[in-house]
2 protein chains.
Amino acid sequence: MELDDTDRAILRILMEDARTPFSEIARQIDMSSATVHDRVGRMEDAGVIEGYHASVDAREVGLGTSALVGFRVKQGHEKEALQQLRDIEGVQEIHLTTGEWDVILRIYAEDTDALRELMFDHVAELKGFSRSQTMVILGTEYDDPVLPIQDPDDEG
Amino acid sequence: MELDDTDRAILRILMEDARTPFSEIARQIDMSSATVHDRVGRMEDAGVIEGYHASVDAREVGLGTSALVGFRVKQGHEKEALQQLRDIEGVQEIHLTTGEWDVILRIYAEDTDALRELMFDHVAELKGFSRSQTMVILGTEYDDPVLPIQDPDDEG
DNA sequence: GTTGAAAAAATATTGAG
DNA sequence: CTCAATATTTTTTCAAC
């Protein structure tokens, strides 16, 4: 889908606060709310907007520990390997990467004990991986939900 | 803040779709929408709900490349090092970690060329880091915006 | 805490330029 | 594509349990 500056302005506002009323978005970008409605609907249909999600403090819901885990996958075992990772409880993101690891996942757990248990119970038994490394997240210094969208004309 | 099962049920729904009408949430959890309104408000005030954000397909807004970058920070340079990372355009998340790296960040860029430029222009000039490694994300296999909240009584 | 009902506000739709 | 006006739905408030 072809996006113009108006679309990008709407996206910036909705990434910042997904519950901003269309009337308020309209005011900010100086258009009618019917236009905002129309554009948002088209961006949803086109998959530009994938969804709207509440951001919840993980500690408040008993998930005090989070980690990044890197894996090396054995040749030919990619598919089954990934499926196994998906099935581990608490796994939130799975990325295929270049560099030291083939796969890096992000996992949440109640505490370091629960995380260790997860790693022993599940990860240790996985087939198709040659090695892994767990990087516990001690703290998140910065986490911006807004992508740095640029208007195509202004060079940043 | 002390959360009960009703609060957690509401959170699950809002993490899945932050724009679910309160009336619909009320129907699902079998309470009135006034109650949902009240509980959501209290969770927002308490910081349990940090915000509501639209999830946007990064490729559609010209950010086709994403990477994880690990850093080793020199003793005593932690503060200035982190501030420098924050200021790099496209940096979305900064995590302090155990293991091979002290800091791992997530960065978005237009393409691999733009990413390489960012790394050369900014990262290479950073003070206080002893080494770094870029892990380009070739693809994201799985990305779940819903935290695996458990009710305290059912053991998972 | 929770509720139902009323009031206020927002969103969805329509028809036309 | 955009708008103004209308219809519908949702959010918000509030007296009462």
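A note on names: the letters A, B, ... follow the listed sequences, proteins ahead of strands, and every chain is numbered from 1.
To the nearest angstrom, P of dG4(C) lies 16 Å from CZ of Arg27(B). Taking atom CD on Glu24(B) and atom P on dT8(D), their separation rounds to 20 Å, with Å as the unit. Phe22(B) has its CZ atom 17 Å from the P atom of dG4(C), to the nearest Å. Following rounding to the nearest Å, Asp5(B) (CG) and dG1(C) (P) show an atom-to-atom distance of 15 Å. Residue Arg42(A) contributes atom CZ, which lies 11 Å from atom C1' of dT2(D) at whole-angstrom precision. Regarding Asp17(A), its CG atom lies at a distance of 13 Å from the P atom of dA10(C), rounded to whole Å. Rounding to whole angstrom units, CZ of residue Arg19(A) and P of dA9(C) are separated by 17 Å. Atom-to-atom, NE2 of His37(B) to C1' of dA7(C) comes out at 13 Å; the value is rounded to the nearest Å.
Salt-bridge annotation for Arg8(B) and Asp4(B): absent, with no side-chain N of the basic residue lying under 4.0 Å from a carboxylate O of the acidic one.
Each of Asp151(A), Asp144(A), Asp17(A) was evaluated against Arg12(A); a single residue qualifies, Asp151(A), per the salt bridge (Lys or Arg N to Asp or Glu O under 4.0 Å) test.
Phosphate contact (OP1/OP2 of dG1(C), side-chain N/O of Thr35(B), threshold under 4.0 Å): absent.
The side chain of Asp38(A) approaches dT2(D) more closely than any other nucleotide in the set dT3(C), dT2(D), dT11(D). The side chain of Ala34(A) lies closest to dA4(D), out of dA4(D), dG1(C), dT2(D). With distances taken from any side-chain atom of Arg39(B) to the nucleotides dG1(C), dT3(C), dC3(D), the minimum falls on dG1(C). Closest to the side chain of Ser23(B), out of dT3(C), dC3(D), dT10(D), is dT10(D).
Each end of the helix from dG1(C)-dC17(D) to dG17(C)-dC1(D) gets its own axis, taken as the rotation carrying the C1' atoms of four end pairs onto the next four within a five-pair window, and the two axes meet at 30° to the nearest 10 degrees.
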How far apart are the C-alpha atoms of Thr140(A) and His95(B), what are their side-chain angles, what is the distance that settles it, and do they pass the side chain to side chain donor-acceptor pair (under 3.5 Å) test?
CA-CA 4 Å; Thr140(A) 293; His95(B) 304 288; 2.8 Å; yes

Chi angles and distances behind the side chain to side chain contact (heavy atoms under 4.5 Å, CB included) call for Leu82(B), Leu96(B):
CA-CA 10 Å; Leu82(B) 288 171; Leu96(B) 309 181; 3.8 Å; yes

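No donor-acceptor pair closer than 3.5 Å links the side chain of Glu60(B) to the backbone N or O of Gly47(A). At least one donor-acceptor pair closer than 3.5 Å links the side chain of Thr98(B) to the backbone N or O of Val136(A).
Hydrophobic clustering, with ILVMFWY side chains joined whenever heavy atoms are under 4.5 angstrom apart, groups Met43(B) together with Val146(B).
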